Amino acid sequence: MGSTNSTLSKIPNVEELMQETGFTPAHIVRLYDRFEALDKEKTGHLRPQDFGAINRLAMNPIGDRIIGAFFSPGQETVDFHSFVRILAHFRPADEKRPKDPSMPEPVNSRTSKLKFAFQLYDQDKDGKISRAELLQVLRSMLEMQVTEEQLESIADRTIQEADLDKDDAISFEEFRKSLEKVNIDHKMSIRFLR
């Protein structure tokens, strides 16, 4: 417990960070240790290349997009607070936590997780997933497992099924609706944080 308090005392505004993200003191300490291990140059900031040390991310076919989600446009580094806020999307939802309408929606809510996933596809940030953007992700994920013709067929079928307003793209609402029956909390949770 002493080392937890010692580590927490190094983090400015840690109480606010825990309130905002829902992480416990033990989680914050674990994430701080991970952040420091990735911050090889001890600058207090991470660059995109620092994330390469995470094997699962390096092996993930859309790892570059996930890493990119940590950085706002034009931003070259991320500090500890931003690192924790992004990782909070992957915290399992706390079903027991009472919903307070006066508070912003938790970052690990179903809608927030879907918005995070949506932005991994919507690379031009126009609020829609185009056929080309969908094909880029499919190519990354399926690579040599299917032919280009099969990839195009999958993309066309996906857009046809999800595109309710028939504009040949998938809006966030269409994306959300198409994933209604998917357990997004299970798919987008880091289990070691439980």
Side-chain angles (χ1 to χ4, degrees), residues 3-94 97 99-100 102-127 129 133 136-137 140 172 175-176 184-194:
S3 69
T4 296
N5 287 335
S6 171
T7 301
L8 290 175
S9 68
K10 296 178 192 175
I11 304 167
N13 304 318
V14 71
E15 291 296 329
E16 289 174 25
L17 186 61
M18 288 189 298
Q19 178 68 31
E20 180 184 343
T21 63
F23 283 126
T24 66
H27 290 148
I28 294 289
V29 168
R30 187 177 291 161
L31 292 171
Y32 187 78
D33 290 344
R34 183 64 164 172
F35 182 89
E36 286 207 318
L38 293 171
D39 182 16
K40 302 270 189 244
E41 295 178 16
K42 306 299 177 214
T43 62
H45 291 86
L46 298 178
R47 300 162 299 150
Q49 57 267 36
D50 295 326
F51 287 84
I54 303 172
N55 289 336
R56 285 186 150 185
L57 203 48
M59 293 173 17
N60 189 311
I62 60 168
D64 289 345
R65 288 174 184 247
I66 295 169
I67 291 168
F70 281 83
F71 300 89
S72 299
Q75 182 186 20
E76 296 178 16
T77 63
V78 64
D79 64 9
F80 177 69
H81 282 69
S82 298
F83 177 76
V84 171
R85 285 184 188 105
I86 294 293
L87 288 175
H89 286 94
F90 299 96
R91 190 175 65 77
D94 185 356
R97 193 175 193 181
K99 291 189 169 125
D100 182 349
S102 68
M103 296 294 289
E105 186 168 30
V107 75
N108 68 326
S109 71
R110 178 177 178 78
T111 300
S112 293
K113 287 179 185 235
L114 287 171
K115 285 179 181 175
F116 184 87
F118 183 82
Q119 71 158 349
L120 296 178
Y121 289 88
D122 181 22
Q123 291 293 286
D124 65 6
K125 309 286 184 237
D126 68 349
I129 300 170
E133 289 169 324
Q136 285 176 347
V137 172
S140 297
F172 174 71
F175 182 77
R176 185 190 57 71
I184 200 75
D185 191 51
H186 175 73
K187 301 246 183 237
M188 284 187 65
S189 291
I190 299 174
R191 295 292 163 204
F192 80 88
L193 292 174
R194 275 200 186 237

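The structure displayed is predicted, hence computed values, not measured ones.
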So, do [X] and [Y] sit near enough that their side-chain heavy atoms are less than 4.5 Å apart?
{"X": "V78", "Y": "H45", "answer": "no"}
{"X": "R85", "Y": "V107", "answer": "no"}
{"X": "F175", "Y": "D122", "answer": "no"}
{"X": "L120", "Y": "V137", "answer": "no"}
{"X": "R34", "Y": "I54", "answer": "yes"}

Roughly how far apart are [X] [atom1] and [Y] [atom2], rounded to 0.5 Å?
{"X": "L46", "Y": "F80", "atom1": "CG", "atom2": "CZ", "result": "10.0 Å"}
{"X": "I67", "Y": "L57", "atom1": "CD1", "atom2": "CG", "result": "4.0 Å"}
{"X": "D33", "Y": "I28", "atom1": "CG", "atom2": "CD1", "result": "11.5 Å"}

Quick check: does any side chain N or O of [X] sit under 3.5 Å from a backbone N or O of [Y], one acting as donor and the other as acceptor?
{"X": "H81", "Y": "P12", "result": "yes"}
{"X": "Q75", "Y": "S72", "result": "yes"}
{"X": "E41", "Y": "T43", "result": "no"}
{"X": "S109", "Y": "S112", "result": "yes"}
{"X": "N108", "Y": "H89", "result": "no"}
{"X": "Q119", "Y": "K125", "result": "no"}

Mind listing the closest non-hydrogen atom pair of [X] and [Y] along with its distance?
{"X": "T7", "Y": "Y32", "answer": "CG2-CD2, 3.4 Å"}
{"X": "D50", "Y": "L38", "answer": "O-CD2, 3.5 Å"}
{"X": "L87", "Y": "F70", "answer": "CD2-CZ, 3.9 Å"}
{"X": "P61", "Y": "S140", "answer": "CB-O, 2.9 Å"}
{"X": "F172", "Y": "T111", "answer": "CZ-O, 4.1 Å"}

Determine, for K113 against D185, whether the closest basic-nitrogen to carboxylate-oxygen distance falls under 4.0 angstrom.
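Salt bridge: yes.
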
Would you mind checking if E36 and K42 are paired as a salt bridge, meaning a charged N to carboxylate O distance below 4.0 Å?
no

Mind checking whether [X] and [Y] have parallel, tilted or perpendicular rings, split at 30° and 60°?
{"X": "H27", "Y": "F23", "answer": "perpendicular"}
{"X": "F90", "Y": "F116", "answer": "perpendicular"}
{"X": "F51", "Y": "F71", "answer": "perpendicular"}

Run the salt bridge (Lys or Arg N to Asp or Glu O under 4.0 Å) check on R47 and E76 step by step: do they pass?
CA-CA 6 Å; R47 300 162 299 150; E76 296 178 16; over 6 Å; no

Y121 atom OH: more than 12 heavy-atom contacts under 6.0 Å
no

Got more than 12 heavy atoms from elsewhere within 6.0 Å of CG, D79?
yes

Tell me yes or no: between the side chains of R65 and Q136, is some donor less than 3.5 Å from an acceptor?
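Yes.
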
